[in-house]
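Heavy atoms only: backbone and side chains are in, while hydrogens, waters and symmetry mates are out. As the structure lists them, so they are numbered: ligands from 1, and atoms in each ligand from 1. Position 1 is the first residue of the sequence; numbering continues from there.
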Amino acid sequence: MVNLVFLGPPGAGKGTYAKELVKKLNIPHISTGDMFRETAASGTELGNKIKEIMERGDLVPDELVNQMVKERLKRDDCSSGFILDGYPRTVEQAKALDEMLKELGRELTWAIFFDVPEEVVVRRLTNRRICPKCGRIYNLLTMPPKEDNLCDVCKVPLVQREDDREEVVRRRYRVYMEKTFPVVEYYGKTGKLQKLDGTVGLERVIEEVLKLVK
Ligand code: AMP
């Protein structure tokens, strides 16, 4: 059983690494950002509220996030482990996760912190494009699609996330430093933290993560 938390600034590559590791480790990738994007697209009152928060680059209230993750971790597919991507994002959430794991009789394997400087984050995110159909992630500079702005697999035009515009990216980074960096320090104190350089490229990062969990 491998229970992982992925930490790092927006644009550290957490989602990309998680998608790659799911295939190798056979555990689910739980992205609270993806879950909220789904809720935001639902057109419900709650969805609209969340959409507004996300478009500003702010955080969804802890209680709502914690409840959602708690339900998700109870599902059968998590019995062999999980990769939590984008959660916990505040120390409150980290404490709530500790409680959830205790209730489930589980222990965190590692909190892995992907270290990436702000300017790299801004360059990556403003060049990030997503396939709206399959969710594949591209980067116009480092991982461009084979055909101009089309998904390699689905052949549909790629889109940019609202919150990947530069001014929102800068705000998300500030929120990250203020609210989420303390989570890195929190895990540092528990002996569960592993720090990896998030700028060395997909293959090397994956290799390092696999070394940690084998
Ligand atoms: P992400 O795709 O992880 O960058 O998340 C996109 C947005 O969803 C964030 O900017 C937040 O508005 C919201 N979000 C995702 N995960 C969390 C979380 N754990 N706590 C609060 N807000 C979150």
Answer yes when [X] and [Y] have at least one side-chain N-carboxylate O distance shorter than 4.0 Å, and no when they do not.
{"X": "Asp62", "Y": "Lys179", "result": "no"}
{"X": "Arg204", "Y": "Glu207", "result": "no"}
{"X": "Arg37", "Y": "Asp34", "result": "yes"}
{"X": "Lys192", "Y": "Glu107", "result": "yes"}
{"X": "Glu55", "Y": "Lys51", "result": "yes"}

Quiz item: Can you check side chain to side chain contact (heavy atoms under 4.5 Å, CB included) on Ile30 and Leu73, steps first, answer last?
Solution: CA-CA 9 Å; Ile30 303 175; Leu73 289 181; 3.8 Å; yes
Just heavy atoms, cut-off under 4.0 Å: does [X] contact ligand 1 by side chain, backbone, both, or neither?
{"X": "Leu59", "answer": "both"}
{"X": "Lys51", "answer": "neither"}
{"X": "Asp58", "answer": "backbone"}
{"X": "Gln93", "answer": "side chain"}

Checklist entry - Does Met35 have a heavy atom less than 4.0 Å from any atom of ligand 1? => result no
Quick one: which ligand 1 atoms are inside 4.0 Å of a heavy atom on [X]?
{"X": "Val65", "answer": "18 (C), 19 (N), 20 (N), 21 (C)"}
{"X": "Arg161", "answer": "1 (P), 2 (O), 4 (O), 6 (C)"}
{"X": "Arg172", "answer": "4 (O)"}

Measure the distance from [atom] to every protein heavy atom, then report the residue, atom name and distance (to 0.1 Å) of the closest one.
{"atom": "atom 22 (N) of ligand 1", "value": "Val60 N, 3.0 Å"}
{"atom": "atom 14 (N) of ligand 1", "value": "Phe36 CD1, 3.7 Å"}
{"atom": "atom 16 (N) of ligand 1", "value": "Thr32 OG1, 2.8 Å"}
{"atom": "atom 8 (O) of ligand 1", "value": "Met54 CE, 3.5 Å"}
{"atom": "atom 9 (C) of ligand 1", "value": "Arg89 NH2, 3.8 Å"}

**Asked** Considering residues, nucleotides and ligands other than Glu38, do more than 12 of their heavy atoms fall under 6.0 Å from its CD?
**Response** no
* Taking the side chain as every heavy atom from C-beta outward, state whether Met177 and Glu118 have any atom pair closer than 4.5 Å. => no
Do Arg56 and Ile53 come within less than 4.5 Å of each other through their side chains, counting heavy atoms only? yes
Pairs of nitrogen or oxygen atoms closer than 3.5 Å, one from [X] and one from ligand 1: do any exist?
{"X": "Tyr87", "result": "no"}
{"X": "Pro88", "result": "no"}
{"X": "Asp163", "result": "no"}
{"X": "Arg37", "result": "yes"}

Which of Arg165, Arg171, Arg170 passes salt bridge (charged side-chain N to carboxylate O under 4.0 Å, His left out) with Glu167? Answer is Arg165
(request) Please step through ring-ring contact (aromatic ring centres under 6.0 Å, His included) for the pair Phe114 and Phe6, ending with a clear verdict. (result) CA-CA 8 Å; Phe114 300 98; Phe6 280 6; 4.9 Å; yes
